[in-house]
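Working notes, beginning with the structure itself.
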Amino acid sequence: MYNLKNVIILLIFILSSCAETIQNSGLSQKKIENFNIEIGRTSKKYLIDNYGPPIFDNVFNDNVIYYTSHGTSYKTFGERKTEKLLVLEITLDDKNIVQKIKKYSNKDSLQIKISKNQDVRDINFTSFWKDIVRALRRKNTED
């Protein structure tokens, strides 16, 4: 009976670690697609009141705001893949009235590889264990 419990726990651990994880950020894609925006009439205040604050503002131009919906999926030890992407770029005039709208999707994105996958043989297990020991020695003290 004791061994059966261990086998079941091990089986659950293996199956859950192989499962695909889906992560969504930003607004829902349906909400962005159903934005009711009229060029020359809709104000920034209306957008914030009805759809919430923009996900981010343009750093270089105060009159551009973005609403995004981004869904990624990945498996443990695997690459992240963008499943769905929708970005709404809204350009405002000096009175915070919408002047231009652009939609971007997966087709417009660039597939940039940030780092190479590390081969399992290249992992340095000595540094791994040193990091574990350092973490165990660390004390959480408040100043």
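Keep in mind that this is a model prediction, so the values were computed, not measured. Each residue takes its place number in the sequence, starting with 1.
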Could you go through residues 32-41 and list every donor-acceptor pair under 3.5 Å that involves a side-chain atom there, pairing it with any protein atom two or more places apart or in another chain?
unit_1: N34; atom_1: ND2; unit_2: K30; atom_2: O; d: 3.0
unit_1: E38; atom_1: OE1; unit_2: R41; atom_2: NH1; d: 3.4

note = Separation between CD1 (I9) and CG (L4), nearest 0.5 Å, reads 10.0 Å
message = Holding to ring-ring contact (aromatic ring centres under 6.0 Å, His included), I want the full list of residues that pass it with F56, two or more places apart in sequence or in another chain.
response = Y66
request  = If a pair satisfies salt bridge (Lys or Arg N to Asp or Glu O under 4.0 Å) and one of its residues is in residues 97-106, list it, with sequence neighbours excluded.
outcome  = none
message = Filter on salt bridge (Lys or Arg N to Asp or Glu O under 4.0 Å), then keep only pairs touching residues 44-59, sequence neighbours left out; what's left?
response = K45-D49
inquiry  = Restricting to non-hydrogen atoms, name the atom on I65 and the atom on P54 that form the minimum distance, rounded to 0.1 Å.
reply    = CB-CB, 3.8 Å
query = Looking at residues at least two apart in the chain, or sitting in another chain, which of them share a side chain to side chain contact (heavy atoms under 4.5 Å, CB included) with L10?
reply = I14
note = OH (Y51) and NZ (K31) are apart, to the nearest 0.5 Å, by 8.5 Å
task = To the nearest 0.5 Å, tell me how far L92 CG sits from T42 OG1.
result = 10.0 Å
query = If you group Ile, Leu, Val, Met, Phe, Trp and Tyr by side-chain heavy-atom gaps below 4.5 Å, do I48 and I97 land in one group?
reply = no
request  = Could you tell me the separation between the CG atom of N24 and the OG atom of S69, rounded to the nearest 0.5 Å?
outcome  = 6.5 Å
request  = Measure the CD1-CG distance between I101 and L88 for me, rounded to the nearest 0.5 Å.
outcome  = 6.5 Å
task = Any chance you could measure N63, atom CG, to N58, atom CG, to the nearest 0.5 Å?
result = 9.5 Å
request  = Please list, chain by chain and in numerical order, all residues satisfying side chain to side chain contact (heavy atoms under 4.5 Å, CB included) with T72, sequence neighbours excluded.
outcome  = Q23, H70, R80, T82
